[in-house]
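Here's the structure we're looking at; comments come further down.
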There are 4 protein chains.
Amino acid sequence: MTEKDWEKWVRMIADEYDLDLGKTNKETLKQKKILEAAIHIFAEKGFSGSSTSEIAERAGVAEATIFKHYRTKKGLLLRLVIPAIAKVASPWITRSALKILEQDKPFRERVEDVILDRVLLIETNWKKIKIILVESLFHPELREAIQTHVAKSVFPVMSEKIKQLQAEGELRRDLPDYVLLRSVISMAIGYLLARNVFPEQLAQSEEKDEISMIAEVLLKGVGGSHGD
Amino acid sequence: MTEKDWEKWVRMIADEYDLDLGKTNKETLKQKKILEAAIHIFAEKGFSGSSTSEIAERAGVAEATIFKHYRTKKGLLLRLVIPAIAKVASPWITRSALKILEQDKPFRERVEDVILDRVLLIETNWKKIKIILVESLFHPELREAIQTHVAKSVFPVMSEKIKQLQAEGELRRDLPDYVLLRSVISMAIGYLLARNVFPEQLAQSEEKDEISMIAEVLLKGVGGSHGD
Amino acid sequence: MTEKDWEKWVRMIADEYDLDLGKTNKETLKQKKILEAAIHIFAEKGFSGSSTSEIAERAGVAEATIFKHYRTKKGLLLRLVIPAIAKVASPWITRSALKILEQDKPFRERVEDVILDRVLLIETNWKKIKIILVESLFHPELREAIQTHVAKSVFPVMSEKIKQLQAEGELRRDLPDYVLLRSVISMAIGYLLARNVFPEQLAQSEEKDEISMIAEVLLKGVGGSHGD
Amino acid sequence: MTEKDWEKWVRMIADEYDLDLGKTNKETLKQKKILEAAIHIFAEKGFSGSSTSEIAERAGVAEATIFKHYRTKKGLLLRLVIPAIAKVASPWITRSALKILEQDKPFRERVEDVILDRVLLIETNWKKIKIILVESLFHPELREAIQTHVAKSVFPVMSEKIKQLQAEGELRRDLPDYVLLRSVISMAIGYLLARNVFPEQLAQSEEKDEISMIAEVLLKGVGGSHGD
DNA sequence: GATGAATGAGAGTTCATTCAT
DNA sequence: TATGAATGAACTCTCATTCAT
């Protein structure tokens with residue numbers, strides 16, 4: 001991929017991957033503003049640390065309007081978060097990763113593409129995903145939604161793909177599928193979290209190179225010549 | 001390591017690794033109860049979601065007592081969290097990982113031991129670490145404390161060790177130290193989070209085996225024969 | 001009166017005595033539903049304890065519809081209550097009591113008939129009368145409406161009748177008319193309230209017998225032979 | 001009883017009959033002020049129509065103070081009302097009526113004394129009793145408290161006394177005890193309510209005379225000579 | 001050192017009501 | 001006529017915190 005192609009592709013995916021809300025909806029302008037404000041503030045201060053009055057102010061609506069539409073503060077949270085979970089785990093989103101893996105390229109490049117793809121997906125929706133990650137620790141409903149959607153819709157699809165790749169000799173056969181899948185996800189999220197906690201440390205290196213290294217570690221491991 | 005040795009060792013480390021507070025303990029019984037209650041409730045509901053009255057009730061003290069000792073709610077959080085960060089990042093704790101790496105064993109076994117060691121460290125202090133991870137997203141002071149301690153006290157030590165292992169041929173030399181370190185940590189935390197979100201899925205497999213597989217992936221990667 | 005006559009008569013009066021609204025009915029179906037819902041909810045929770053949203057929900061209309069028709073919540077209350085007061089106190093309703101007293105029967109039977117007649121009138125409209133009684137304690141307008149209608153339209157008529165009965169020797173002449181009237185009303189309402197607060201205690205006895213006893217006490221008093 | 005004795009007695013009873021709260025209690029000054037304010041405002045506007053902020057203001061305390069002591073608004077209501085119910089129905093209060101009936105006087109005078117005694121009891125605690133009467137229509141707990149206390153502690157005692165008076169020939173034997181008891185209570189409460197709804201009408205007559213007439217009606221009935 | 005009482009500020013939520021459609 | 005959207009004001013209640021004891 002040339003430098004230019006790369007950038008075009010990145011932009012395209014970023015657009016396409018907005019886990020948005022407003023596709024099928026009759027939501028008013030005010031409702032959209034409320035949701036946008038809520039995402040921003042929940043992400044910044046956490047659910048409990050945010051106040052509905054602040055959200056209302058940022059959205060430019062009366063506080064009562066929030067409650068007319070979402071009944072409770074928690075209702076607003078769920079309205080934000082459950083559709084996002086559903087979308088991340090939707091076949092449509094999952095399939096886009098599969099498609100990349102089915103392209104006619106060296107496996108190594110396909111792995112890089114998939115990682116980048118997921119990293120972009122997460123970055124595009126970083127606020128929402130931050131909310132999901134944090135609040136799922138405190139709200140069992142969210143945990144359940146994640147389990148239901150991810151475990152029952154993402155995992156089976158990916159598991160099958162992994163087994164196929166194992167059969168093709170692209171992935172090792174001596175480790176169970178869930179370990180392989182977990183390894184990819186761990187490395188991707190670990191990378192993103194590191195960037196968040198130590199922002200200046202990673203600012204200098206190119207994202208493309210970082211992803212390339214992640215793929216390298218994933219495929220070949222960290223072991224040196226001595227271990228052979 | 002025999003089965004028996006393993007268990008003994010696990011118990012020993014678990015004891016030793018309690019990031020506890022009460023070492024320099026001038027702390028009264030009531031203070032200990034307050035800290036214990038706060039850890040429990042902060043971990044369960046998050047800092048903002050917890051109320052001092054609930055903490056007081058669980059600790060069996062009057063609400064005012066909390067403020068006598070810690071001045072503010074946030075003071076209580078910091079009193080819990082800063083020493084824990086300091087301790088995790090303390091030379092003493094870091095060095096214990098180094099010691100394991102310096103033992104006279106095959107590298108592969110040493111890696112397994114280190115991972116298990118860190119996993120146990122995290123498990124032993126899971127509530128506190130959960131608080132640290134979550135609240136560091138919302139309180140810059142905490143982020144700074146982590147950066148200061150980890151980046152300036154853990155990273156240099158580990159970095160040096162990694163370079164030494166690269167020189168010895170145990171680790172690859174074509175990747176920067178921080179990538180290697182991040183890879184280990186990502187895999188460990190990814191494993192623990194997965195256990196948290198999908199508890200029943202991992203309940204069946206032995207922790208020892210899981211860690212063995214993590215080490216395997218780390219050292220050799222997930223790539224199959226085809227990639228060679 | 002035979003058992004059969006009695007039952008027929010009771011049914012007839014109950015129909016006839018519905019203090020209803022919908023006589024001059026230009027009222028739409030929705031308006032009727034609103035009024036019905038309001039009566040139910042005001043009686044159940046009191047005026048202040050009821051919310052327009054609950055009334056709207058029960059009536060199956062939008063909240064705004066209530067305000068289109070009755071301008072304010074209090075307007076709705078008054079629309080319910082003032083016509084009911086007017087009707088209870090209307091010459092038509094008052095006269096029906098007089099008519100009973102003018103029938104050609106022993107006085108004792110006529111008294112029983114009148115008490116039963118009023119008890120039925122109250123029972124038929126129990127919800128509305130509950131609202132009137134309770135809310136008149138808190139809304140001076142209602143108190144005034146009652147005073148105006150009852151004192152100026154019921155009392156004079158009844159007073160005259162009482163004086164006539166005193167002249168005829170059916171009622172004692174040594175007590176003022178208002179004491180006699182109050183006594184009848186007190187006994188009737190006392191009976192109904194007792195039935196409300198201690199429902200199971202009075203469930204067993206026949207209403208006809210209870211009224212007969214009330215008439216007996218009213219006419220002859222509770223004093224025993226010793227007092228003569 | 002001379003005019004002077006009468007007044008002295010009235011004053012004495014009024015003091016003695018305060019259904020008060022603060023006998024056994026460590027209630028703070030502020031708590032007493034809250035209770036007093038609540039009684040006033042609940043009586044004036046009804047429970048639902050009163051706001052805690054208004055109560056706080058009248059009591060001269062912060063709103064939060066109310067909730068520290070009574071947890072909820074309803075808790076405050078119950079704290080006011082349940083002890084009052086218990087006290088009205090206490091053996092001590094009931095027995096004072098019995099004592100009057102056992103005095104060595106003509107029965108007629110004893111009846112007048114008892115009625116006056118109860119009327120004073122109710123007047124002294126009119127606000128609380130108004131609250132009890134009104135709110136018991138909307139809060140089942142209150143209804144239950146009344147049933148429990150009155151039905152199980154007042155009624156049996158009075159019932160026995162009534163039977164004794166029937167045996168002595170002071171009260172008629174051909175009517176059940178509950179009818180006789182209800183008659184007395186109906187007449188007393190009817191008198192008080194009438195005074196409330198038509199205040200100016202009764203302002204002119206002396207209370208002593210009114211009660212004398214109530215006793216007369218109760219004992220001899222309203223029937224005239226013709227009915228004999 | 002510990003607490004019960006008290007509170008100002010603000011939380012989430014409900015209220016009756018208005019208005020454009 | 002009827003309503004969905006919107007809201008300012010008020011609501012009950014909780015918050016972290018202070019202070020006299």
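Annotation for D/Leu78 and D/Pro83: closest pair O-CD, 3.5 Å, computed over non-hydrogen atoms. Between A/Ala43 and A/Lys130, the shortest heavy-atom contact is O-NZ, 3.0 Å.
F/dC15 atom C1' lies 17 Å from atom CG of B/Leu77, rounded to whole Å. In this structure, the CD atom of B/Glu57 is 15 Å from the C1' atom of F/dC15, given to the nearest Å. In this structure, the NZ atom of B/Lys33 is 11 Å from the P atom of E/dT3, given to the nearest Å. In this structure, C/Glu54 atom CD and E/dT13 atom C1' are separated by 16 Å, rounded to whole Å. With rounding to whole Å, D/Ile55 atom CD1 is found 11 Å from F/dC13 atom P. Distance, D/His69 NE2 to E/dT7 C1': 11 Å, rounded to whole Å. As a whole-Å value, the separation of A/Leu76 CG from E/dG12 P is 11 Å. Distance A/Tyr70 OH to E/dG12 C1': 17 Å, rounded to the nearest Å.
Heavy atoms from other residues, nucleotides or ligands lying under 6.0 Å from CD of D/Glu63 number more than 12.
With a 3.5 Å limit on both pairing distances and Watson-Crick or G-U wobble geometry required, the stems of 3 or more pairs in DNA chain E span E:2-21 with F:2-21.
Of the two residues contacting DNA chain F, namely B/Gly49 and A/Ile66, the nearest-nucleotide position lying further toward the 5' end is that of A/Ile66.
Cation-pi geometry between C/Lys45 and D/Phe138 is not satisfied (NZ or CZ under 6.0 Å from the ring centre, within 45° of the ring normal).
Partners of B/Ser48 according to the side-chain hydrogen bond (donor to acceptor under 3.5 Å, both in side chains) rule, which considers only residues two or more places apart in sequence or in another chain, do not exist here.
Although no hydrogens or angles enter the test, the distance criterion places a donor-acceptor pair under 3.5 Å between the side chain of B/Arg143 and the main chain of B/Leu137. Remark: the backbone N or O of D/Ala145 is paired with a side-chain donor or acceptor of D/His149 at under 3.5 angstrom. The main-chain N or O of A/Leu142 is never found under 3.5 Å from a side-chain atom of A/Glu135 such that the two would form a donor-acceptor pair.
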Contact state string [nucleotides 16-21 of chain F, B base, S sugar-phosphate only, - no protein heavy atom under 4.0 Å] | BBBB--
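Here the straight-line distance linking atom NZ of A/Lys74 with atom CZ of A/Arg71 works out to 15.0 Å at 0.5 Å rounding.
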